[in-house]
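Here is the structure we will look at.
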Amino acid sequence: MANRLEALRVFCTAADAANFREAAVRLSVSPQVVTRAVRELEEELGEPLFHRSTRGVQLTDFGRQLAERARAAVGGVDELFHQIDRRTLSRHAGTVRVTAPHMYARLIPQALAPLLAAHPGLVLDLRLSEQHADVVDEQIDIGIRVGPMRDARFVARTVGKMPLHVVGAPALIERVGTPQSLDALSALPLTALIDMSSGRPWPWAFSKRRVVTVTSPAFVTDDIDAECAAVLAGVGFGQLIAPLAEPWLQTGALVAVLEADAPEPWPINVYRPQRAPVPARVRLVYDELIRVLR
């Protein structure tokens, strides 16, 4: 039987009605639905539940005993869902696990603080990493990724663009000069950010799909903030994402070079796995992240 709970609910209604037709009216179904549910229960249990006659139906002794126990069971389930429905916060209670790059370490908690305050049962579990998380193994509900989305398993929304800037400190430029080409850049002190999945530096991207591989960096790190600090200190030129570079460009602490060769800004995507059903709490956080990151 596909749905025993529903069959028991139909049976309980039939047990309280004068006949199957009256039970069908109470349930807003056809009499055939009631007849079929009762017959399937009888076949599964191996006992008749009703005495049938031209005057109507009457519970057997077995049916009467089952009805008493079934009412308690069905009533308990109905009360459970009724209590959940009455708790206005219950639909959004629980943990939503989000993965994002480190640059969102402050932005996401600040942006979602009003949402968390409005839903006390909602818990945000934020995992920061530059790597693309395995959403299954790590049980990720929502991710933020900078770069193209090529995985059809995800539902993704593009919320913005992320420019990249090659920058250097004024003191560095005064010491080694301003690079006028990618070839000239390669001969200057550069910083490198390690790709944790490969253990090698990320290549620098430029327009027309050109790349520069940093083979002899003056500074190497696996942390974007540390790389930014090295660039600010004049250790070398670095290719930094806009949220790191632009505040320092505005103050003059950094100077952009080779802007004509800058790559197309990378898309910023908010994504979630194509799971069904999507819990209300996950949809709530997903929609809010899309709104605040636009």
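Everything numeric in this text was worked out from a predicted model, so none of it was measured.
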Is a donor on one side and an acceptor on the other found under 3.5 Å between the side chain of [X] and the backbone of [Y]?
X    : Y    : value
N19  : V57  : no
R210 : S207 : yes
R200 : D195 : no
T158 : P267 : no
Q58  : H51  : no
Q239 : A205 : yes

Side chains of [X] and [Y]: does their closest heavy-atom pair fall under 4.5 Å?
X    : Y    : value
V212 : P203 : no
L45  : L66  : yes
E42  : F62  : no
L59  : F50  : yes
H165 : L249 : yes
D141 : V98  : no
E288 : L112 : yes
F237 : I173 : yes

Do [X] and [Y] belong to the same hydrophobic cluster, where Ile, Leu, Val, Met, Phe, Trp and Tyr are linked whenever their side-chain heavy atoms lie under 4.5 Å apart, directly or via other members?
X    : Y    : result
L164 : L190 : no
F219 : V166 : no
I108 : L128 : yes
W248 : V257 : no
V74  : L49  : yes

Calculate, to the nearest 0.5 Å, the distance between atoms [atom1] and [atom2] belonging to [X] and [Y] respectively.
X    : Y    : atom1 : atom2 : result
I224 : H102 : CD1   : NE2   : 7.5 Å
L8   : R71  : CG    : CZ    : 11.5 Å
F20  : T13  : CZ    : OG1   : 11.5 Å
T60  : R52  : OG1   : CZ    : 9.0 Å
T178 : L185 : OG1   : CG    : 11.0 Å
F11  : D16  : CZ    : CG    : 9.0 Å

Of V146, L244, I144, which is the lone residue that meets side-chain contact (heavy atoms from CB on, under 4.5 Å) with M103?
->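 When side-chain contact (heavy atoms from CB on, under 4.5 Å) is applied between M103 and each of V146, L244, I144, only V146 qualifies.
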Reference residue R281; test side-chain contact (heavy atoms from CB on, under 4.5 Å); the match among L124, V123, L122 | L122
Heavy-atom pair of closest approach, residues [X] and [Y]:
X    : Y    : answer
A105 : L126 : O-CD2, 4.4 Å
V231 : V167 : CG1-O, 3.7 Å
G147 : N269 : O-ND2, 3.0 Å
V282 : I142 : O-CD1, 3.6 Å
G238 : T191 : CA-OG1, 3.3 Å
Y286 : V270 : OH-O, 3.5 Å

List the steps and the verdict of side chain to side chain contact (heavy atoms under 4.5 Å, CB included) for R272 and R283.
-> CA-CA 9 Å; R272 59 176 174 80; R283 190 176 297 278; 3.8 Å; yes
V10 vs E40, side chain to side chain contact (heavy atoms under 4.5 Å, CB included): CA-CA, chis, key distance, verdict = CA-CA 11 Å; V10 171; E40 290 180 357; over 6 Å; no
Could E22 and R26 be called an ion pair, given the rule that one side-chain N must be under 4.0 Å from one carboxylate O?
->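 Salt bridge between E22 and R26, a charged N being under 4.0 Å from a carboxylate O: yes.
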Ion pair present between R9 and E6, side-chain N to carboxylate O less than 4.0 angstrom?
-> yes
Would you please test Y104 and L289 for side chain to side chain contact (heavy atoms under 4.5 Å, CB included) and show each step?
-> CA-CA 11 Å; Y104 290 103; L289 280 173; over 6 Å; no
For M196 and D222, run side chain to side chain contact (heavy atoms under 4.5 Å, CB included): C-alpha distance rounded to whole Å, both residues' side-chain angles, the deciding distance at 0.1 Å, then the answer.
-> CA-CA 7 Å; M196 296 299 291; D222 61 359; 3.6 Å; yes
Is atom CZ of R21 surrounded by more than 12 heavy atoms (other residues, nucleotides or ligands) closer than 6.0 Å?
->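 Count not over threshold, so no.
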